Amino acid sequence: KISLIARYLRLNPSGTFSQLFEKQALRLEVVVTFLALLELIKRRMLRTEQSDLFGPIAFEPDSDWDDDLSFELEFGE
């Protein structure tokens, strides 16, 4: 899912969490994608904003973002 977010950001300068899904996403897909988003935030590669409670979660690359960066994960893929 980190790769999905990276591909999305290659085509778009920013986005919202809901734009990462097809119309009918499985609950597991939503959870795993959210965890991927949190991992990128933890690594300071994404900036996020949520202006309202339960509002859309907007994200954009942070200054540390590198399109050519390979994403190594702690648990493998």
Side-chain angles (χ1 to χ4, degrees):
K1 293 301 179 177
I2 288 176
S3 296
L4 169 88
I5 295 168
R7 279 193 307 270
Y8 182 88
L9 288 172
R10 282 188 197 103
L11 301 172
N12 304 285
S14 63
T16 63
F17 182 66
S18 62
Q19 291 174 324
L20 297 172
F21 304 102
E22 300 289 327
K23 292 203 181 260
Q24 294 293 329
L26 298 173
R27 182 179 297 177
L28 179 62
E29 182 181 4
V30 173
V31 170
V32 172
T33 304
F34 186 73
L35 291 174
L37 196 67
L38 288 176
E39 181 65 25
L40 291 169
I41 294 166
K42 179 178 118 179
R43 294 180 185 199
R44 293 188 165 95
M45 298 180 78
L46 284 184
R47 284 187 303 242
T48 58
E49 181 180 317
Q50 186 178 26
S51 55
D52 299 319
L53 186 64
F54 302 110
I57 300 170
F59 62 89
E60 64 184 12
D62 203 344
S63 58
D64 290 341
W65 184 265
D66 181 4
D67 278 339
D68 297 325
L69 184 66
S70 64
F71 297 100
E72 294 180 22
L73 304 176
E74 293 177 35
F75 305 108
E77 288 193 48

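Every value quoted in this text rests on a predicted model; they were computed, and no experiment measured them.
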Handout entry: Smallest separation among heavy atoms of Pro13 and Pro61, with atom names
Key = O-CD, 3.3 Å
Handout entry: Distance in Å, Arg47 CZ paired with Ile41 CD1, rounded so as to fall on 0.5 Å steps
Key = 12.0 Å
Exercise for the section: For the pair Phe17 and Phe34, name the ring-plane relationship: parallel under 30°, tilted 30 to 60°, perpendicular over 60°. Expected result: perpendicular
Problem - By side chain to side chain donor-acceptor pair (under 3.5 Å) - contacts of Glu49 (at least two apart) - result: none
Completion exercise
Scanning both residues in full, the closest heavy-atom pair of Leu37 with Ile5 reads N-CD1, 3.9 Å
Problem - Closest heavy-atom pair and its distance - Gln19, Tyr8 - result: OE1-OH, 2.8 Å
Problem - Where Lys1 and Ala36 come nearest, the two heavy atoms and their spacing - result: CB-CB, 3.7 Å
Problem - Between CG on residue Leu28 and OG1 on residue Thr33, distance to nearest 0.5 Å - result: 9.0 Å
Problem - ILVMFWY network linking Val30 to Ile2, side-chain heavy atoms under 4.5 angstrom - result: yes
Problem - Exercise: identify the closest heavy-atom pair between Phe59 and Leu9 - result: CE1-CD2, 3.8 Å
Problem - Transitive ILVMFWY side-chain link Leu38 to Val32, under 4.5 Å - result: no
Handout entry: Any residue meeting side-chain contact (heavy atoms from CB on, under 4.5 Å) with Gln50, in chain and number order, not counting sequence neighbours
Key = Ile57
